[in-house]
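Worksheet: the structure to be examined is printed underneath.
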2 protein chains.
Amino acid sequence: MDHVDRILAQWNRERPDLDVEPMGLLGRIARLRTHLAREVEKALSAHGLNSASFDVLATLRRSGPPYRLSPGDLIATTMVSSGTMTNRLDQLEKAGLIERENNPDDRRGVIIALTPKGLALVDAAVTDHVENQHKLLDGLDAQERAALDGLLRKFLGAFE
Amino acid sequence: MDHVDRILAQWNRERPDLDVEPMGLLGRIARLRTHLAREVEKALSAHGLNSASFDVLATLRRSGPPYRLSPGDLIATTMVSSGTMTNRLDQLEKAGLIERENNPDDRRGVIIALTPKGLALVDAAVTDHVENQHKLLDGLDAQERAALDGLLRKFLGAFE
DNA sequence: GTCAAATATCTTGACGTCAAGATAAATTCA
DNA sequence: TGAATTTATCTTGACGTCAAGATATTTGAC
């Protein structure tokens, strides 16, 4: 009988006409994500980053040398609007972690480049971030992780 | 090979020193939650609500008659800060969906009461919301839902 | 009974996000 | 070639959230 179970019990009492079974699963995803996101923010803040700025730097970093992508590429990967990405890039540029370069092939666009400072920072941050992610999964054993991951993969497949 | 798999493959190539296995599961939860949250917002917007305002009205509604809770109770249930709750209540009060009443037992506090208009609105909204939630789970059969819910329950247990 | 500590709620200021619209350049196609 | 359409990015304004601090009241210790 966890928090979500209590919510379902209340709905069953107050609105017995509704089949609220899906609310349990969806509610647990939402609450879990809130807890996880807060823990991730904590780990990243030690490096002066938040998940928004880290996402951009990490996307550039894992794309490999020369650590350059267009804003459009970054938008597609990170699931945010163009306005959000412009705002993130503005801040990262101010902090000296990325630079906007002219795109020689398309004068409408720019190329976002990780600076040496940005590369060093994201490499340090991702090391801690991954270590923290291991801790966050401590509550599940290897078999449970694999089963959960498989089910999430299938569920996510319905949306992308 | 979904979107998250590609991210993991990139990290394995660029940072083979890291064991990024947990990133897959955690990334899928995050992405799934983003997709689900957007779909939920769509369904609620038909009633002039968003998930923030719905959460408050729904918490009051499922608590049962007389549909009254303190801001503190609402904060504990909805996992938001006091400032966030004050803001939500201000808007709901302006819209005539809740009222702030004096708390006869504690003059520091107030009691939030669902108005008849708020009750009618949340009852209509939750009906559509639950129907929409059923649709969101279409990608999983009954057995998969049960297995996923069980694993999420255990995982969530590590945080609350 | 009095005063310090705890509690309930609200206020303030900053930040991240988005939708809609603006701008400029590339592409399509007549 | 030239005009219409599409594309890439940025701008604007509004909203939801939070942390930190303010205010008023209650509780607890003496």
Side-chain angles (χ1 to χ4, degrees), chain A residues 30-31 33-42 44-45 48-57 59 68-95 97-113, chain B residues 30-31 33-42 44-45 48-57 59 68-95 97-113:
Chain A
R31 290 183 76 90
R33 183 266 173 188
T34 298
H35 288 295
L36 293 169
R38 287 176 182 175
E39 294 300 318
V40 167
E41 295 290 336
K42 274 191 219 166
L44 294 176
S45 70
L49 296 173
N50 58 22
S51 59
S53 51
F54 176 77
D55 269 358
V56 175
L57 297 180
T59 303
R68 278 165 168 74
L69 294 170
S70 70
D73 293 335
L74 292 168
I75 287 166
T77 306
T78 56
M79 297 177 74
V80 300
S81 67
S82 65
T84 296
M85 186 53 66
T86 297
N87 182 43
R88 289 182 180 186
L89 295 174
D90 286 349
Q91 292 178 247
L92 290 169
E93 193 169 31
K94 259 183 224 155
L97 303 172
I98 62 117
E99 281 176 354
R100 284 179 168 97
E101 302 181 345
N102 291 327
N103 183 338
D105 300 330
D106 186 339
R107 286 194 298 178
R108 290 171 305 182
V110 295
I111 297 288
I112 307 302
Chain B
R31 291 183 74 89
R33 183 267 173 188
T34 298
H35 288 295
L36 293 170
R38 287 177 183 174
E39 295 300 319
V40 167
E41 294 290 338
K42 274 191 219 166
L44 294 176
S45 70
L49 297 173
N50 58 22
S51 59
S53 51
F54 176 77
D55 269 358
V56 175
L57 298 181
T59 302
R68 277 164 169 76
L69 293 170
S70 71
D73 293 335
L74 292 167
I75 287 167
T77 306
T78 57
M79 295 177 75
V80 300
S81 67
S82 64
T84 297
M85 186 54 65
T86 298
N87 183 40
R88 289 182 180 186
L89 295 174
D90 286 349
Q91 292 177 249
L92 290 169
E93 193 170 30
K94 260 183 221 155
L97 303 173
I98 61 118
E99 281 176 353
R100 283 179 168 97
E101 303 179 345
N102 291 326
N103 183 340
D105 300 331
D106 186 338
R107 286 193 300 179
R108 291 171 305 182
V110 294
I111 296 289
I112 308 302

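Every chain is numbered from 1 and lettered A, B, ... according to where its sequence line falls, protein lines coming before strand lines. Computed from a prediction, not measured in an experiment: that's the story for all the values here. All values below were derived from every heavy atom in this structure, side-chain atoms included, with hydrogens, water molecules and symmetry-related copies excluded.
No side-chain heavy atom of B:Arg88 sits less than 4.5 Å from a side-chain heavy atom of B:Leu74. The closest side-chain heavy-atom distance from B:Pro71 to B:Ile112 is below 4.5 Å.
Atom CD1 of B:Ile112 is separated from atom C1' of C:dA8 by 11 Å (rounded to the nearest Å). A straight line from CD of A:Glu93 to P of D:dT9 spans 14 Å, rounded to a whole angstrom. Here the C1' atom of nucleotide C:dC18 and the CE atom of A:Met79 are 14 Å apart, to the nearest Å. Distance A:Leu49 CG to C:dC15 C1': 15 Å, rounded to the nearest Å. Rounded to an integer number of Å, the gap from B:Asn102 CG to C:dC10 C1' is 15 Å. Atom pair B:Asn87:CG and D:dA19:C1' shows a separation of 15 Å (rounding to whole Å applied). In this structure, B:Arg38 places its CZ atom 16 Å from P of D:dG16, rounding to the nearest Å. If you take CG of B:Asp106 and C1' of C:dA6, they are 12 Å apart, rounded to a whole angstrom.
B:Asn103 comes within contact range of no nucleotide atom at all, as no heavy-atom separation falls under 4.0 Å. Within the nucleic acid shown, B:Gly83 comes within 4.0 Å of at least one base atom, counting heavy atoms only. Within the nucleic acid shown, A:Glu41 has no heavy atom closer than 4.0 Å to any nucleic acid atom.
Nearest nucleotide to the B:Thr86 side chain, out of C:dC10, D:dC18, D:dC10: C:dC10. Proximity note for B:Ser81 (side chain, C-beta onward) versus D:dA19, C:dC10, C:dA24: the nearest is D:dA19. Picking from C:dC18, C:dA20, D:dT17 the nucleotide with the shortest atom distance to the side chain of A:Val80 gives C:dC18. Here the nucleotide nearest the side chain of B:Leu89, chosen from D:dT26, C:dC10, D:dT9, is C:dC10. Looking at the side chain of B:Asn50, the nearest of the listed nucleotides D:dT9, C:dT17, D:dG16 is D:dG16. Of the candidates C:dA6, C:dC18, D:dC10, the closest approach to any side-chain atom of B:Arg108 belongs to C:dA6. Between D:dC10, D:dA20, D:dG16, one nucleotide has an atom nearer to the side chain of B:Ser82 than all others, and that is D:dA20.
One side chain, B:Ser53 or B:Asn50, offers a donor N or O that lies under 3.5 Å from an acceptor on the other. In the model, A:Asp73 has a side-chain atom that pairs as donor or acceptor with a side-chain atom of A:Ser70 under 3.5 Å.
When atom types are taken as modelled, the side chain of B:Asn102 and the backbone of B:Pro104 share no donor-acceptor pair closer than 3.5 angstrom.
Checking the phosphate oxygens (OP1, OP2) of C:dC15, no side-chain nitrogen or oxygen of A:Gln91 falls inside 4.0 Å. Contact between the side-chain N/O atoms of A:Arg88 and the OP1/OP2 oxygens of C:dC15 is not found at any separation under 4.0 Å.
Contact between B:Arg31 and A:Thr77 at its shortest, heavy atoms only, is NH1-O, 3.3 Å.
Interface remark: the B:Thr84 side chain does not form any donor-acceptor pair with the D:dC18 base, using a distance-only criterion of under 3.5 Å.
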